[in-house]
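Here the structure is a predicted model, which means the values were calculated and not measured. Computed from heavy atoms alone, side chains included, the values below leave out hydrogens, waters and symmetry copies.
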Amino acid sequence: MTTALLSTADELHARVRHGRRAVVMTMGALHEGHATLIRAAREIAGPDGEVVVTVFVNPLQFGAGEDLDRYPRTLDADLALAGRAGADAVFAPSVQEVYPGGEPQVRITAGPMGGRLEGATRPGHFDGVLTVVAKLLHLARPDVALYGQKDAQQLALIRRMVRDLNFGVEIVGVPTVREEDGLALSSRNRYLAPEERATALTLSRALFAGRDRHAAQEALRARALEVPSTQARAEALSAIGESRAAADAHAVATAAPGGPAAVRAAARQALDEAARFDPPLDLDYLALVDPADFTEIADDHTGEAVLAIAARVGSTRLIDNIPLTFGSPGAAL
């Protein structure tokens with residue numbers, strides 16, 4: 001299949017559409033994570049639909065001193081990877097095509113959620129992200145748009161924008177793709193020297209430590225709910241030696257710290273253990289938040305959550321996160 005390279009909206013609009021159009025938005029420097037998004041888009045669009053990959057390094061979302069000028073631009077390689085993954089077209093507009101009048105005077109504002117975590121560290125970042133996403137949704141006119149869950153706060157804000165402003169497009173999140181050692185795939189990983197990459201693994205290790213503590217906690221919670229509530233049942237289980245195990249599970253599941261506090265503590269411990277690394281990890285934040293608004297969850301939280309981390313290794317800033325689910329309403333011990 002030949003993948004068309006398009007540089008103007010007119011070229012994109014001139015394409016004959018039969019089925020659904022699925023769009024994957026990128027800033028280029030494509031890697032296996034992007035390929036996973038494109039393959040998911042191909043499956044959603046089906047054989048009669050169309051997959052369009054946008055490649056645009058958006059100046060609005062880069063702050064002063066960030067890496068706009070050195071952000072990797074590899075359009076030829078991007079076109080080849082997109083084609084192998086199943087894209088029908090790559091839409092790579094110029095800055096002038098996207099912002100024909102210069103920097104736009106009217107922009108999308110990300111609201112309170114846009115000022116938390118990434119937004120607190122990078123003021124105005126999400127206003128720039130949502131503005132370009134809105135522009136590209138209008139230019140590409142997709143039925144569905146796919147984004148990676150690695151940028152969890154960005155995904156949440158895009159979903160909110162599409163819902164609040166009635167964009168009429170389906171938004172699909174695709175799970176994070178990782179290297180074999182756990183490092184989340186990112187176009188910025190190529191900046192890392194070998195010793196910096198070793199330090200960068202601390203991000204995923206901290207997340208996995210929190211995830212593992214959460215999994216143990218939830219398993220013990222489920223086991224504790226099976227503890228016999230009557231003396232007769234307890235005596236029956238004692239005869240086969242299960243009462244001690246049940247009692248231990250109950251004790252561990254209800255011990256402090258538990259729930260969100262335990263998850264935070266486990267992740268923090270992994271970060272503390274990495275303090276001796278050279279080069280060091282410069283932590284921006286570690287947060288356990290509600291995906292609806294990216295505020296910190298309470299210790300009695302039930303339902304979905306996101307454990308998120310951002311840090312700088314040398315001159316490279318990296319982010320990562322994992323989704324978690326705490327218990328269920330009415331299941332608290």
A.B. asks: Could you verify whether a donor N or O on one side chain and an acceptor N or O on the other, from D10 and T8, lie under 3.5 Å apart?
C.D. replies: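 Distance-only check fails for D10 and T8.
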A.B. asks: In plain terms, say whether R73 and D78 are close enough for a salt bridge, that is, a side-chain N and a carboxylate O under 4.0 Å apart.
C.D. replies: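 Result for this pair is no, no salt bridge flagged.
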A.B. asks: Mind checking whether L117 and T121 have side chains closer than 4.5 Å, heavy atoms only?
C.D. replies: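 The answer is no; the side chains never approach within 4.5 Å.
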A.B. asks: Do you reckon I309 sits in the same ILVMFWY cluster as V263, going by side-chain contacts under 4.5 Å, direct or chained?
C.D. replies: yes
A.B. asks: Taking the six-membered ring for Trp and the single ring otherwise, decide whether the centroids of F326 and H214 are under 6.0 Å apart.
C.D. replies: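 Ring centres of H214 and F326 closer than 6.0 Å.
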A.B. asks: Is there side-chain contact between L60 and D127, with at least one heavy-atom pair below 4.5 Å?
C.D. replies: no
A.B. asks: Just how far is it from atom CG of L79 to atom CG of L30, taken to the nearest 0.5 Å?
C.D. replies: 9.5 Å
A.B. asks: Are V174 and V23 connected into the same hydrophobic cluster when the rule is that any two of I, L, V, M, F, W, Y join if their side-chain heavy atoms are below 4.5 Å apart?
C.D. replies: no
A.B. asks: Any luck finding a side-chain donor-acceptor pair between Y285 and E118 under 3.5 Å?
C.D. replies: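 Judged by distance alone, the side chains do pair up.
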A.B. asks: I'd like to know if D67 pairs up with R317 as an ion pair, taking the criterion as any Lys NZ or Arg NE/NH1/NH2 lying under 4.0 Å from an Asp or Glu carboxylate oxygen.
C.D. replies: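 So D67 does not pair with R317 through a salt bridge.
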A.B. asks: So, N58 versus Y71: side-chain donor-acceptor pair below 3.5 Å or not?
C.D. replies: no
A.B. asks: What distance separates T202 OG1 from L283 CG, expressed to the nearest 0.5 Å?
C.D. replies: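 These two atoms lie 10.0 Å from each other.
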A.B. asks: For the OG atom of S187 and the NE2 atom of H31, what is their distance to the nearest 0.5 Å?
C.D. replies: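 Taking OG in S187 and NE2 in H31, the distance rounds to 4.0 Å.
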A.B. asks: Which heavy atom in A29 sits nearest to a heavy atom in H34, and how many Å separate them?
C.D. replies: O-CE1, 3.9 Å
A.B. asks: Does the pair D181/R197 count as a salt bridge with the N-to-O cut at 4.0 Å?
C.D. replies: yes
A.B. asks: Please determine if R264 and E296 form a salt bridge, counting it only when a charged side-chain N lies under 4.0 Å from a carboxylate O.
C.D. replies: yes
A.B. asks: Could you report the tightest heavy-atom contact between P142 and V169, atom names first, then the distance?
C.D. replies: O-CG2, 3.7 Å
A.B. asks: Salt-bridge test for R15 and E11: reply yes if a basic N is under 4.0 Å from a carboxylate O, no otherwise.
C.D. replies: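 A salt bridge is absent here (no side-chain N lies under 4.0 Å from a carboxylate O).
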A.B. asks: So R211 and L324, do their side chains get closer than 4.5 Å, heavy atoms only?
C.D. replies: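 Of all side-chain heavy-atom pairs linking R211 with L324, at least one is under 4.5 Å.
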A.B. asks: Using the rule given for side chain to side chain contact (heavy atoms under 4.5 Å, CB included), can you reason through I322 versus V306, listing the C-alpha separation, both sets of side-chain angles and the distance that settles it, and then say yes or no?
C.D. replies: CA-CA 6 Å; I322 52 172; V306 173; over 6 Å; no
A.B. asks: To the nearest 0.5 Å, what is the distance between NZ (K135) and CZ (R107)?
C.D. replies: 11.0 Å
A.B. asks: Roughly how far, to the nearest 0.5 Å, is the CZ atom of R42 from the CG atom of L146?
C.D. replies: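 Rounded to the nearest 0.5 Å, the CG-CZ separation comes to 11.5 Å.
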A.B. asks: Find out whether E304 and P323 are in side-chain contact, i.e. whether some heavy atom of one side chain is under 4.5 Å from a heavy atom of the other.
C.D. replies: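 A side-chain contact is absent here, since even the closest heavy-atom pair is not under 4.5 Å.
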A.B. asks: Ignoring hydrogens, what is the shortest heavy-atom contact between L75 and A92? Give both atom names and the distance.
C.D. replies: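 For L75 and A92, the tightest heavy-atom pair comes out as CD1-CB, 4.0 Å.
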A.B. asks: Heavy-atom distance under 4.5 Å between the side chains of V55 and F91, does that happen here?
C.D. replies: no
A.B. asks: Any heavy-atom pair between the side chains of R39 and T36 that's under 4.5 Å?
C.D. replies: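 Yes; the side chains approach each other to less than 4.5 Å.
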A.B. asks: Any side-chain heavy-atom pair from T199 and P280 closer than 4.5 angstrom?
C.D. replies: no
A.B. asks: Should the pair E170-R20 be classified as a salt bridge under the 4.0 Å nitrogen-to-oxygen rule?
C.D. replies: yes
A.B. asks: Flag the pair V289 / L307 as yes when at least one side-chain heavy-atom distance between them is below 4.5 Å, and no otherwise.
C.D. replies: no
A.B. asks: Within 45 degrees of the ring normal and closer than 6.0 Å to the centroid, is that where the cationic atom of R70 sits relative to Y191?
C.D. replies: yes
A.B. asks: To the nearest 0.5 Å, how far apart are CD in Q149 and CG in L155?
C.D. replies: 6.5 Å
A.B. asks: Between R205 and D320, does any NZ, NE, NH1 or NH2 come within less than 4.0 Å of an OD or OE carboxylate oxygen?
C.D. replies: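 Looking at D320 and R205, the cut-off is not met.
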